[in-house]
Amino acid sequence: MYTTLLVMAAGMGSRFGGNKQIAKVGPNGELLLHYSIHDAAKAGFDKVVFVIKRAMEADFRTLLEGGIPASVEVHYAFQEFDSLPGGFTPPEGRVKPYGTVHAVLAAKDVINEPFAVINADDYYGRDAFVTMAESLRRMRGKENAASMVAYCLKNTVSENGAVTRGVCEKDEAGNLLRVTETYGIKPFPDGTIRDIHHDEEGVVLNPEALVSMNFWGLTPWFFRAAERDLIDFLQSREGDPMKKECVLPVEIDRLMHNDGLTVEVMQTNAVWFGVTYLADKEYVAEELRKLHARGVYTALV
């Protein structure tokens with residue numbers, strides 16, 4: 001059975017100003033994706049599914065596949081409006097994709113085994129992939145089971161603007177109790193981290209809080225449940241029809257409370273960093289340069 005990685009790479013990168021998924025940030029022209037695929041392969045992943053826009057396919061094949069180990073089987077799935085469930089047609093003028101739940105569902109025809117989900121524009125660290133690979137093996141044969149790799153909030157904010165994170169709470173057994181999609185998180189000069197989504201002064205958050213960086217472990221059961229919920233979401237009149245998105249942390253929380261989904265929370269010593277804003281690129285490039293200098297990576301392209 002495959003150990004499968006689904007990579008969500010169809011976002012528009014509106015805050016970055018372009019397709020950050022294919023921004024070259026490594027010292028040899030590597031993309032962040034090269035590091036994720038390299039680390040995943042070292043951890044035992046042998047299948048990767050890239051969820052992209054059709055218009056991006058040529059660039060992906062040119063930039064990525066030369067850096068993918070021969071041991072990894074590659075598939076593509078396309079997050080387009082024609083793959084929305086229930087025959088839904090978006091309102092005229094809508095350009096924005098419908099979110100990360102739709103991104104995962106786009107791959108339902110090429111995945112039949114437990115699988116991990118990551119963002120294309122994040123660096124998760126090799127230990128995180130080892131931890132997730134072990135979790136996927138434990139999930140084989142199960143249905144409404146899931147897992148997530150959690151990071152400390154203080155290590156996931158950007159000095160260059162506000163970010164969105166799924167703030168998590170877990171029980172004594174290490175299972176997720178709830179995940180709250182929290183918008184407008186940013187560090188303040190006094191050292192606090194605050195949520196400024198509703199108030200410019202912000203609500204102070206615990207810097208040690210665990211957050212989701214969209215590194216989820218799921219089973220094929222998720223496809224059926226999420227498709228049902230995405231249809232309801234699309235047909236609902238709530239939210240701005242031109243901008244609303246159905247996102248994984250909200251869906252995971254819904255499945256926990258409505259369908260009995262159990263989510264194991266796994267912490268890791270891996271370091272996370274990512275590209276949200278164009279100004280983040282310089283910091284990420286420097287962190288990757290340090291990793292190469294320490295011998296963690298050689299040239300990946």
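Below, all heavy atoms of this structure are taken into account, side chains as well, without hydrogens, waters or symmetry copies. Count residues from 1 along the sequence. On a predicted model such as this, the values are computed, not experimentally measured, just so you know.
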- Task: Mark yes or no for whether S135, through its side chain, and S147, through its backbone, hold a donor-acceptor pair below 3.5 Å.
- Result: no

- Does D122 use its side chain to pair, donor to acceptor, with the backbone of G274 at less than 3.5 Å? no

- Verify same cluster id: L136, M266 (apolar side-chain graph, 4.5 Å): yes

- Message: Under a plain distance cut-off of 3.5 Å, with no hydrogens placed, do D280 and N160 share a side-chain donor-acceptor pair?
- Response: yes

- Query: If you take all heavy atoms of K244 and Y98, which pair is closest and at what distance?
  - Reply: O-CD2, 3.8 Å

- Task: Return yes if some donor-acceptor pair links the side-chain N/O of R194 with the main-chain N/O of E201 below 3.5 Å, else return no.
- Result: yes

- Query: Quick one: CG on N155 to CH2 on W272, what's the gap to the nearest 0.5 Å?
  - Reply: 9.5 Å

- Query: Are side-chain heavy atoms of E264 and R138 found at a separation under 4.5 Å?
  - Reply: yes

- Query: Is the side chain of E30 donor-acceptor paired with the backbone N or O of N28 at a distance under 3.5 Å, no angle test?
  - Reply: yes

- Query: If you round to the nearest 0.5 Å, how far is CG of N119 from CG of N214?
  - Reply: 4.5 Å

- Item | Ring centroid separation Y35 to Y124 under 6.0 Å | no

- Message: If I take atom CD1 from residue I252 and atom CG from residue L176, how far apart are they, to the nearest 0.5 angstrom?
- Response: 8.5 Å

- Task: Go through the steps to decide whether E113 and R140 satisfy the test side chain to side chain contact (heavy atoms under 4.5 Å, CB included), and finish with yes or no.
- Result: CA-CA 7 Å; E113 59 280 332; R140 290 174 182 172; over 6 Å; no

- Message: Between R94 and P241 (side chain of the first, backbone of the second, donor and acceptor by atom type, cut-off under 3.5 Å), is there such a pair?
- Response: yes

- Under 4.5 Å between any side-chain heavy atoms of F115 and V49, yes or no? no

- Grab the two heavy atoms, one from V110 and one from K47, that are nearest each other, plus how far apart they are. O-NZ, 2.6 Å

- Message: I need the E181 CD to S212 OG distance, nearest 0.5 Å.
- Response: 7.5 Å

- Message: Any non-hydrogen side-chain atom of E73 less than 4.5 Å from a side-chain atom of Y2?
- Response: yes

- Message: Please find the pair of heavy atoms, one from I185 and one from R165, that lie closest to each other, and give the distance.
- Response: CD1-CB, 3.8 Å

- Please answer: with hydrophobic residues joined when any side-chain heavy atoms are less than 4.5 Å apart, are M1 and M139 in the same cluster? no

- Note on the structure: CG (L205) and OG1 (T182) are apart, to the nearest 0.5 Å, by 6.5 Å

- Does the Q79 side chain pair with the main chain of G99, one donor and one acceptor, at a distance under 3.5 Å? yes

- Item | Sidechain N-carboxylate O distance under 4.0 Å for E143, R224 | yes

- Item | Closest contact, heavy atoms only, E238 versus S236 | N-OG, 3.1 Å

- Heavy-atom distance under 4.5 Å between the side chains of V163 and S158, does that happen here? yes

- Message: Is there a side-chain contact between F50 and L6 in this structure, where contact means two heavy atoms from C-beta onward sitting under 4.5 Å apart?
- Response: no

- Item | Y297 ring center within less than 6.0 Å of H38 ring center | yes

- Evaluate side chain to side chain contact (heavy atoms under 4.5 Å, CB included) for W216 paired with I118, printing each intermediate quantity in order. CA-CA 7 Å; W216 302 99; I118 64 168; over 6 Å; no

- When you look at CD of E282, are more than 12 heavy atoms from neighbouring residues, nucleotides or ligands closer to it than 6.0 Å? no

- Are the side chain of N175 and the backbone N or O of T262 linked by a donor-acceptor pair below 3.5 Å? no

- Item | Single-linkage hydrophobic cluster F129~V74, side-chain heavy atoms < 4.5 angstrom | yes

- Query: Heavy-atom distance under 4.5 Å between the side chains of Y76 and V48, does that happen here?
  - Reply: no

- Message: So which atom in Y151 and which in M213 form the shortest heavy-atom distance, rounded to 0.1 Å?
- Response: CD1-CG, 3.7 Å

- Query: Will you find, in the side chains of H197 and T164, an N or O donor that is under 3.5 Å from an N or O acceptor?
  - Reply: no

- Message: Are M56 and L64 linked, directly or through intermediate hydrophobic residues, by side-chain heavy-atom contacts shorter than 4.5 Å (ILVMFWY only)?
- Response: yes

- Task: Indicate yes or no for a side-chain donor-acceptor contact from D259 to the backbone of L261 under 3.5 Å, with no hydrogens or angles considered.
- Result: no

- Contact summary for G93 and M242, nearest pair of heavy atoms: C-CE, 3.3 Å

- Is there a path from V51 to V247 through hydrophobic residues (I, L, V, M, F, W, Y) whose side chains come within less than 4.5 Å of each other? no

- Is the backbone N or O of F188 less than 3.5 Å from a side-chain atom of T192, with the two atoms forming a donor-acceptor pair by type? no

- Indicate yes or no for a side-chain donor-acceptor contact from T131 to the backbone of D127 under 3.5 Å, with no hydrogens or angles considered. yes

- Item | CA sep, side-chain torsions, deciding dist, call: K154, E208, salt bridge (charged side-chain N to carboxylate O under 4.0 Å, His left out) | CA-CA 6 Å; K154 65 183 180 183; E208 303 295 332; 2.7 Å; yes

- Message: Taking the side chain as everything from C-beta on, heavy atoms only, tell me whether Y283 gets closer than 4.5 Å to V25.
- Response: no

- Note on the structure: Here the gap from H102 atom NE2 to T100 atom OG1, rounded to the nearest 0.5 Å, amounts to 11.0 Å

- With salt bridge (charged side-chain N to carboxylate O under 4.0 Å, His left out) as the test, would you mind laying out the steps for E57 and R54 before giving the verdict? CA-CA 5 Å; E57 184 177 5; R54 286 191 180 92; over 6 Å; no

- Task: Scan residues 228-250 for pairs that pass ring pair (Phe, Tyr, Trp, His ring centres under 6.0 Å), counting only residues two or more places apart or in two chains.
- Result: none

- Ion pair present between E159 and K186, side-chain N to carboxylate O less than 4.0 angstrom? no

- Kindly determine whether L177 and K170 satisfy side chain to side chain contact (heavy atoms under 4.5 Å, CB included), including the steps that lead there. CA-CA 5 Å; L177 279 174; K170 64 177 182 176; 5.7 Å; no

- Task: Determine whether L218 and V117 make a side-chain contact, defined as any pair of heavy atoms from C-beta on separated by less than 4.5 Å.
- Result: yes

- Message: As a quick check of understanding, evaluate side chain to side chain contact (heavy atoms under 4.5 Å, CB included) for M132 and F215, giving each step before the final call.
- Response: CA-CA 9 Å; M132 179 56 75; F215 199 166; 3.6 Å; yes

- Picking from V167, V265, V179, what satisfies side-chain contact (heavy atoms from CB on, under 4.5 Å) with L210? V265

- Salt bridge between K96 and E245, side-chain N to carboxylate O under 4.0 Å? yes

- Item | Ion pair check, K53 and D59, cut-off under 4.0 Å | no

